[in-house]
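To keep things clear, I will list the structure first and then write my remarks on it.
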Amino acid sequence: MDAPDYQLITKSDELAPALAALWASPVIGLDTETTGLDAHSSRLRLLQLGTPERSWIIDLFHFPAGALGPVRELLAAPHPVKVAHNAKFDAKFLLKHAGVRLGGIFDTYLASLLASAGNESDRHSLEAVVQRYLGIQLDKSAQVSDWSGELVGYQLDYAARDAAILLPLREKILERLDEFDLMVAAGIEFECVLPMAEMELAGFYLDSGCWRAQLERVRAAHREASDELQSELGRGASQMSLFDAPPQINLDSPQQVRDALARIGIEVEGTSESKLHKLAREHAVIKRLLEYRSLSKSLSTYGESMLDFIHPVTGRLHADFRQIGSPTGRITCSQPSLQQVPHTVEYRSCFRAPEGRKLVVADFSQIEMRILADFSRDRALTEAFHSGADLHRTTASQMLGVALESVTPAQREQAKSLNYGIVYGMGAEGLANRIDSSVQEAEVLIEKYFAAYPGVDRWLRDAAERAVKEGRSRTASGRLWVYNFDVFDRAQMAQMRRVGKNAPIQGTASDIFKRAMTLVDAGLKEKDAQIVNLIHDEIVVECAEAIAEEVAGIVEGAMVAAGREFLTRIPVIVEAVVSDAWLKK
DNA sequence: TAGAATCGCCAC
DNA sequence: AAACGTGGCGATTCTA
């Protein structure tokens, strides 16, 4: 593609005519060039803005932040719409280096992801998307050039072209979004971009001293467990002589562990947690092995590596959040994953509010079950939520036909397993495995569950049938997942039925969650408060101590409002707690 | 020997 | 073989 008509702007008197044309355009392309990928340690060099007729390249090295006034106004306004590819990136740099909250975003990256409807083989780089939608091959070689020095012609051509291509690209993707009824879902996604950028830029504070102390405790326990297991498992090994140490077993190798267990007379098919768990009661060595595994996991995944992610400039963790991380629309997080920190006080208390600040930890109460109740219109499940009583206890009471007060803890646990398992399409074997019962007993429990909630039974069967018949599913916002299962493969068909039950529920939960994020962010706009983490149904906000209670109220209200946009028949409950650390008090 | 595949396990 | 859905990640094992 040839370079479009463009003008390089290095003086403030050149801005006015450009701004006049940009304000007059309903949609403009936006791109930035930066000296690196990290907004805290890199600089913003160029801001490219394009109308269909013309592009402008603003060299920000020539503009102190104060001189950008009128441009900031344009960028913050909801109109004109700004088309950008992966706008989160540009939004972070604009926020950090120009103090602008980018408004009116149309993100071609997110749009492309939505339009691909869960097809994970599609790539979504600007290059790939331009190729797919416009049939044009882009040359991206200038992207990684040095953007900190004197700019040369090919860099400016490249910069102008990337902004100009976004407008025709948006047109084509819009056609596809419209064709697939994805406009509502796209709107939800676009509104999340700025909150996501703000969150990543702010980062999540981790007390490194606390974390190191925790690691030391785990290390000691790990050594102890390892020594004990080596001597236990070494017993079965043949020894050269009495004075030779028994050969070391690699406890992290499932193969070696299985062989070692066999030598001391314990035969196992697999060494996974669920298989071993059942044997843990009769064999102390297995119980120890499971403890060892858990400690290993702690050390490897949540060990020093977490500290390596602390940013040298901000002293905080700036994880990478993928806004559409799964086909159901869930957000995922990596480097580090702040969504899988062990749910124990020892770990979570290290994520705490800095001096003078508080964390507000707010999560939806049983949102997926509420969605299931709303979708299925099951009378008993609906009643269970309206009663306000403990869901699992109520489920047990309704299944077993006993009074609420006489439900035993064991019965409640079984009902809980059913409530959680059922939205994943769990079968009798799965339940039996989980609650340590026979398959027959599990079958009886499932029958009782569906007898108590016949509407749920009907909805789940129907969802599975629809999934198979249509080969796709949608969430409440219309988010689409076109399945890629092999219809000639029995196992894959069974999986498709389970996904058909789960995807609309999990996906609607992420619709609600994303709306919640937008509303929370809007509610906190003028406050000294900032979203710092997102975990599927939980939002963590850091704020000034003095306004913590008020912020908790705003967060709770916003999340409830988001839930009510989608659930009309079932109450939405959010628990918001003010805390010094990432704990629900 | 580097990268892919697999296992196992953390979160929701 | 799989058996409960979505992910990320680390260690081991396999493979080209």
Side-chain angles (χ1 to χ4, degrees), chain A residues 118 120 249-258 269-277 289-306 308-309 319-344 347-348 363-369 371-372 417-435 439 442-443 446 460 463-464 467 473 475 481 483 489-510 513 533-539 582:
Chain A
E120 285 171 321
I249 297 149
N250 182 348
L251 297 168
D252 300 322
S253 160
Q255 250 170 40
Q256 293 186 32
V257 166
R258 195 178 56 195
E269 313 136 47
T271 58
S272 66
E273 205 267 341
S274 60
K275 296 226 171 68
L276 290 180
H277 201 78
L289 177 63
L290 289 172
E291 284 164 11
Y292 169 84
R293 287 251 182 96
S294 170
L295 294 165
S296 292
K297 176 75 180 172
S298 288
L299 283 181
S300 59
T301 309
Y302 312 108
E304 293 287 342
S305 63
M306 191 63 86
D308 294 340
F309 286 110
D320 182 24
F321 287 82
R322 286 174 60 197
Q323 197 176 311
I324 301 178
S326 82
T328 59
R330 269 195 178 184
I331 296 164
T332 60
C333 176
S334 61
Q335 296 195 316
S337 173
L338 296 176
Q339 294 181 328
Q340 48 192 113
V341 176
H343 208 153
T344 59
Y347 284 102
R348 297 252 169 142
D363 68 345
F364 284 105
S365 160
Q366 279 140 358
I367 192 65
E368 295 196 344
M369 283 304 290
I371 292 166
L372 177 60
S417 290
L418 275 156
N419 277 330
Y420 279 114
I422 230 74
V423 292
Y424 300 146
M426 186 173 64
E429 287 93 345
L431 180 65
N433 241 318
R434 188 166 188 95
I435 64 173
V439 175
E443 274 168 0
I446 291 174
L460 288 171
S473 60
T475 70
W481 182 356
Y483 302 140
D489 182 327
R490 276 179 66 94
Q492 288 204 37
M493 287 303 281
Q495 197 189 350
M496 185 161 159
R497 296 179 64 85
R498 291 194 298 275
V499 170
K501 295 171 187 176
N502 178 255
I505 297 171
Q506 187 184 118
T508 298
S510 50
F513 190 70
N533 198 11
L534 306 169
I535 318 97
H536 307 308
D537 66 350
E538 174 181 332
I539 298 180
W582 185 14

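Chain identifiers are assigned alphabetically (A, B, ...) following the order of the sequence lines, protein sequences preceding nucleic acid strands; residue numbering begins at 1 within each chain.
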Between [N] and [M], how far is it from one [atom1] atom to the other, in whole Å?
{"N": "B:dA5", "M": "C:dC4", "atom1": "P", "value": "26 Å"}
{"N": "C:dA1", "M": "C:dT15", "atom1": "P", "value": "16 Å"}
{"N": "B:dC7", "M": "C:dA2", "atom1": "P", "value": "9 Å"}

Of the listed nucleotides ([options]), which one gets closest to any side-chain atom of [X]?
{"X": "A:Val499", "options": "B:dC10, C:dT6, B:dC12", "result": "C:dT6"}
{"X": "A:Gln506", "options": "C:dT6, C:dG8, B:dC9", "result": "C:dT6"}
{"X": "A:Asn502", "options": "C:dC4, C:dG5, C:dC9", "result": "C:dG5"}

Pick base, sugar-phosphate or nothing for [X], based on heavy-atom distances below 4.0 Å to the nucleic acid.
{"X": "A:Val341", "result": "sugar-phosphate"}
{"X": "A:Glu120", "result": "sugar-phosphate"}
{"X": "A:Gln335", "result": "sugar-phosphate"}
{"X": "A:Arg348", "result": "sugar-phosphate"}
{"X": "A:Arg434", "result": "base"}

I want to check one thing: is the phosphate of [N], taken as OP1 and OP2, less than 4.0 Å away from some side-chain N or O of [X]?
{"X": "A:Arg498", "N": "C:dA3", "answer": "yes"}
{"X": "A:Ser337", "N": "C:dC9", "answer": "no"}
{"X": "A:His343", "N": "B:dC12", "answer": "yes"}
{"X": "A:Arg330", "N": "C:dG7", "answer": "no"}

**Message:** How long is the straight-line distance from CG of A:Leu534 back to CD1 of A:Ile539, given to the nearest 0.5 Å?
**Reply:**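 Separation between the atoms: 6.0 Å.
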
Below 3.5 Å is the cut-off: list the nitrogen or oxygen pairs between protein and nucleotides 10-12 of chain C, distance only.
{"residue": "C:dT12", "atom": "OP1", "partner": "A:Asn250", "partner atom": "ND2", "Å": "3.0"}

**Message:** Can you confirm whether A:Ile331 sits close enough to A:Ser510 that some side-chain heavy atom of one is under 4.5 Å from a side-chain heavy atom of the other?
**Reply:**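 Contact flag for A:Ile331/A:Ser510 side chains = no.
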
Sequence neighbours left out, cut at 3.5 Å: what donor-acceptor pairs do the side chains of residues 418-425 of chain A make with other protein atoms?
{"residue": "A:Asn419", "atom": "OD1", "partner": "A:Tyr449", "partner atom": "OH", "Å": "2.7"}
{"residue": "A:Asn419", "atom": "ND2", "partner": "A:His392", "partner atom": "ND1", "Å": "3.2"}
{"residue": "A:Asn419", "atom": "ND2", "partner": "A:Thr395", "partner atom": "OG1", "Å": "3.0"}

**Item:** Residue pairs involving residues 326-343 of chain A (criterion salt bridge (charged side-chain N to carboxylate O under 4.0 Å, His left out); sequence neighbours excluded)
**Value:**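 Only A:Arg330-A:Glu368 qualify under salt bridge (charged side-chain N to carboxylate O under 4.0 Å, His left out).
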
